**Student:** 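The structure is given below, and queries will be raised subsequently.
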Amino acid sequence: MTLGLIKNLTKAAFVALVFCYCTLFTAAWVDIFNILTPFMFQYLLCSLVLVAMFVFFKQKYWIIANVILTLLFCTEYISANKLFQPIHSYFEAGYDLNIISYNQLYINQHSAEFISSPQVKKADFVAIFEANDAAARAANTVKARFPYQYSVLNMQTKSVIALSRWPIIEAKRIDTAENTAEQNVILRFKIQAEGAKRPALIYALHTKSPLPLRRISARNHELETLAALIKKDRQDLRLPQIALGDFNITPYNPHFKQLLTNGALIMPRPDRLPIHSWPSFAPWFIRFQIDHILYSEGVTSQSVQTLQAFGSDHLALQARLSIAN
C-alpha cells in the first residue's frame with residue numbers, strides 16, 4: 001500500500017511539473033501564474049529526481065515522458081541564461097564601462113562598507129536602489145572617485161542614488177504612472193565617458209515586488225513602460241543603451257522576454273553560474289534571478305558577476321561592458 005501511494009504521488013508530482021512548465025507561457029495572461037515562473041532551476045532538479053523515481057519503479061512510459069519534460073526544463077534554463085552564447089570580443093576603437101547595480105535594502109545601514117569596497121572603487125557607474133540617508137552620507141565621501149552624482153531620496157523603496165566617474169550630461173526622471181498609488185520612477189542618465197565619441201544612455205528601475213498579487217500587473221506595466229521608452233529613445237537618439245536594476249522578475253517569465261523583445265535588449269551571458277542574486281543569504285541553488293543588467297546592440301558584455309551583499313538581501317551585480325564608438 002505504501003509503495004502504491006508513493007507511485008501515485010510521483011505521478012502527481014510529474015503532472016504538477018507539467019502544469020508549472022505551462023505557466024512559463026500562460027503567465028503572460030494569468031497574473032497569478034507569475035508566482036510559479038521563478039522556480040525554473042528547482043523544477044529542473046525535481047524533474048531529475050522524478051526520472052530516477054520512475055526508473056526505480058520501472059515505469060517505462062513515465063520515464064520517457066519525464067525525460068522529455070526534463071529536457072524542456074533544461075533547454076529553457078540554458079536558453080534563458082544564454083549559457084551557450086559566445087563571449088564577444090571588444091569593439092575596436094570602443095571604450096569600456098564598469099557598471100554596478102545594487103539594491104541595498106532600505107533599512108540597511110552598511111552603505112559605507114559597500115561604497116568603499118574595492119569593486120565599487122574600480123567602477124565607472126553605480127546605481128544604488130532603496131537608498132537611504134546612510135547611503136547618501138557614504139556617497140559624499142567618494143566624490144573624488146565619483147564627482148558626478150544624482151539622487152532621488154525619501155521615497156523608501158523607490159529611492160535611488162547614482163554615482164558616476166564620468167559626466168552625467170543629462171538626468172531625467174520618467175514616471176511610470178501619473179497621480180496614482182502605482183506610480184514609480186525610471187531614471188535615465190546620459191553619460192559621456194572618456195574615449196567615447198557619443199554618450200551612452202543608462203536606465204535605472206526598481207519595479208514593484210510581485211507580492212501581494214495585485215502588484216504583478218503594476219510591475220508588468222513598469223516593464224512595458226521601460227521597453228517603450230528604450231524603443232523611442234533608440235529611434236530618436238540612436239545611442240547605446242543599458243538598462244539595470246531590481247526588476248523583480250526572472251528570465252523565464254514571458255513579461256521579461258517581452259521586455260527583451262520590445263526593447264531590443266540583450267541579456268549577458270554569465271561568467272560561470274547564472275546570476276542568482278536574491279535572497280543573498282540563501283545558497284545559490286535556492287536564490288532567484290531578479291536583478292539584471294541588459295544592453296542594446298553596440299554593447300557587449302566582457303564579464304558579469306555578483307558581488308557581496310553588505311547587509312542587503314540582494315547581491316550586487318557588476319558588469320564590464322564594451323561599447324562601440
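This one's a predicted model, so the numbers in the text were calculated from it and none came from an experiment.
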**Student:** Heavy-atom distance under 4.5 Å between the side chains of R320 and S301, does that happen here?
**Tutor:** no
**Student:** For the residue pair H206 and D246, what are the closest heavy atoms and their distance?
**Tutor:** NE2-OD2, 3.1 Å
**Student:** Roughly how far apart are E222 CD and F247 CZ, rounded to 0.5 Å?
**Tutor:** 10.5 Å
**Student:** Find out whether T225 and I186 are in side-chain contact, i.e. whether some heavy atom of one side chain is under 4.5 Å from a heavy atom of the other.
**Tutor:** yes
**Student:** Does one hydrophobic cluster hold both Y102 and Y150, with members joined at side-chain heavy-atom distances below 4.5 Å?
**Tutor:** no
**Student:** Locate the shortest heavy-atom distance separating N184 from K158; write the atom from each residue and the value.
**Tutor:** OD1-CG, 3.6 Å
**Student:** Got a second to check how far S303's OG is from L321's CG, nearest 0.5 Å?
**Tutor:** 8.0 Å
**Student:** Show your working on side-chain contact (heavy atoms from CB on, under 4.5 Å) between I99 and I202 and close with a plain yes or no.
**Tutor:** CA-CA 10 Å; I99 290 181; I202 299 178; 4.1 Å; yes
**Student:** Mind checking whether V30 and I249 sit in one hydrophobic cluster, side chains of I, L, V, M, F, W, Y counted as touching below 4.5 Å?
**Tutor:** no
**Student:** Are the charged groups of R137 and D133 less than 4.0 angstrom apart, N to O?
**Tutor:** no
**Student:** Should the pair D233-R238 be classified as a salt bridge under the 4.0 Å nitrogen-to-oxygen rule?
**Tutor:** no
**Student:** Using a distance-only test with no angle check, is there a side-chain donor-acceptor pair under 3.5 angstrom linking N220 and Q258?
**Tutor:** no
**Student:** Answer whether the closest heavy-atom distance between the side chains of I35 and I216 falls below 4.5 Å.
**Tutor:** yes
**Student:** Got a donor-acceptor contact below 3.5 angstrom from the T176 side chain to the V185 backbone?
**Tutor:** no
**Student:** Judged by atom type as modelled, is there a donor-acceptor pair below 3.5 Å linking the side chain of D124 to the main-chain atoms of R165?
**Tutor:** no
**Student:** To the closest 0.5 Å, what do you measure between OG1 (T306) and CD (Q308)?
**Tutor:** 10.5 Å
**Student:** Are L294 and I275 co-members of a hydrophobic cluster defined by side-chain heavy atoms under 4.5 Å apart?
**Tutor:** no
**Student:** Mind checking side-chain hydrogen bond (donor to acceptor under 3.5 Å, both in side chains) for D175 and listing every partner two or more places apart, or none if nothing turns up?
**Tutor:** Q183
**Student:** Any idea which heavy atoms bring P251 and N81 closest together, and the distance?
**Tutor:** CG-OD1, 4.4 Å
**Student:** Is the number of heavy atoms from other residues, nucleotides or ligands within 6.0 Å of CG (L83) greater than 12?
**Tutor:** yes
**Student:** For S277, enumerate each residue passing the side-chain hydrogen bond (donor to acceptor under 3.5 Å, both in side chains) test, keeping only those at least two apart in sequence or located in another chain.
**Tutor:** D291
**Student:** For the residue pair L201 and I242, establish whether any side-chain heavy-atom pair is separated by less than 4.5 Å.
**Tutor:** no
**Student:** Please say whether more than 12 non-hydrogen atoms of neighbouring residues, nucleotides or ligands are located less than 6.0 Å from CD1 in I107.
**Tutor:** no
**Student:** Checking side-chain hydrogen bond (donor to acceptor under 3.5 Å, both in side chains) for the pair D96/Q302: CA distance, chi angles, key distance, verdict?
**Tutor:** CA-CA 9 Å; D96 293 346; Q302 302 307 318; over 6 Å; no
**Student:** Can you list the residues that meet the side-chain hydrogen bond (donor to acceptor under 3.5 Å, both in side chains) rule with N132, with sequence neighbours excluded?
**Tutor:** Q104
**Student:** Would you sort out whether L17 and C46 count as a side-chain contact (heavy atoms from CB on, under 4.5 Å), showing the intermediate values?
**Tutor:** CA-CA 8 Å; L17 281 180; C46 290; 4.2 Å; yes
**Student:** Can you list everything that forms a ring-ring contact (aromatic ring centres under 6.0 Å, His included) with F57? Sequence neighbours excluded, please.
**Tutor:** none
**Student:** Show every salt bridge (Lys or Arg N to Asp or Glu O under 4.0 Å) that has at least one partner inside residues 103-113, sequence neighbours left out.
**Tutor:** none
**Student:** Sequence neighbours left out, what passes ring-ring contact (aromatic ring centres under 6.0 Å, His included) with Y203? Give chain and number order.
**Tutor:** none
**Student:** Cluster question for you: counting only ILVMFWY and a side-chain heavy-atom cut-off of under 4.5 Å, with indirect links fine, are F256 and F73 together?
**Tutor:** no
**Student:** Evaluate the side-chain contact (heavy atoms from CB on, under 4.5 Å) criterion for residues V126 and F114: first the C-alpha distance (whole Å), next the side-chain angles of each, then the deciding distance (0.1 Å), finally the verdict.
**Tutor:** CA-CA 11 Å; V126 182; F114 167 73; 4.1 Å; yes
**Student:** Would you confirm whether S312, through its side chain, and H314, through its main-chain N or O, come within 3.5 Å as a donor-acceptor pair?
**Tutor:** yes
**Student:** Report the distance from atom CZ of F310 to atom OG of S117, rounding to the nearest 0.5 Å.
**Tutor:** 4.5 Å
**Student:** When you measure from the side chain of R145 to the backbone N and O of A123, does any donor-acceptor pair fall under 3.5 Å?
**Tutor:** yes
**Student:** Which heavy atom of I230 sits nearest a heavy atom of A243, and at what distance?
**Tutor:** CD1-CB, 4.1 Å
**Student:** Find the distance between CD1 (I161) and CD (Q149) and round it off to the nearest 0.5 Å.
**Tutor:** 7.5 Å
**Student:** Backbone N or O of A138 within a donor-acceptor pair of the S111 side chain at under 3.5 Å?
**Tutor:** no
**Student:** Considering only heavy atoms from C-beta outward, does the side chain of Q59 approach that of K7 to under 4.5 Å?
**Tutor:** yes
**Student:** Please list all pairs passing the side-chain hydrogen bond (donor to acceptor under 3.5 Å, both in side chains) test where one or both residues lie in residues 39-50, with sequence neighbours left out.
**Tutor:** S47-N66, S47-T70
**Student:** Mind checking what makes ring-ring contact (aromatic ring centres under 6.0 Å, His included) contact with F129, not counting sequence neighbours?
**Tutor:** none
**Student:** Out of curiosity, does L307 fall in the hydrophobic cluster containing W284 (side-chain heavy atoms, cut-off under 4.5 Å, transitive links)?
**Tutor:** no
**Student:** In chain order, what residues pass the side-chain hydrogen bond (donor to acceptor under 3.5 Å, both in side chains) check against D313, with sequence neighbours excluded?
**Tutor:** W278
**Student:** Is the ring centre of F125 less than 6.0 Å from the ring centre of W166?
**Tutor:** no
**Student:** Which heavy-atom pair separates Q109 from A134 by the least distance, and what is that distance?
**Tutor:** OE1-CB, 3.5 Å
**Student:** Can you tell me how far apart CZ (F25) and OH (Y252) are? Round to the nearest 0.5 Å.
**Tutor:** 13.5 Å
**Student:** Between Y77 and H276, how do the two ring planes meet: parallel, tilted or perpendicular, split at 30° and 60°?
**Tutor:** perpendicular
**Student:** Identify, with sequence neighbours excluded, every residue that meets ring-ring contact (aromatic ring centres under 6.0 Å, His included) alongside F281.
**Tutor:** none
**Student:** Strictly by salt bridge (Lys or Arg N to Asp or Glu O under 4.0 Å), give each pair with a member in residues 51-80 just once, sequence neighbours left out.
**Tutor:** E76-K257
**Student:** Hey, could you give me each pair passing side-chain hydrogen bond (donor to acceptor under 3.5 Å, both in side chains) that has a residue in residues 11-35? Not counting sequence neighbours.
**Tutor:** N34-R219, N34-N253
**Student:** Between I191 and I169, is any pair of side-chain heavy atoms under 4.5 Å apart?
**Tutor:** no
**Student:** Where is the tightest heavy-atom contact between Y106 and A131, given as atom of each residue plus distance?
**Tutor:** CE1-O, 3.4 Å
**Student:** Would V304 and Q318 satisfy side-chain contact (heavy atoms from CB on, under 4.5 Å), going step by step from the backbone distance to the final call?
**Tutor:** CA-CA 6 Å; V304 56; Q318 179 186 46; over 6 Å; no
**Student:** What I want to find out is whether E170 reaches R188 closely enough, with some N-O distance under 4.0 Å, to be called a salt bridge.
**Tutor:** yes
**Student:** Hey, do the aromatic rings of F288 and F39 have their centres closer than 6.0 Å?
**Tutor:** yes
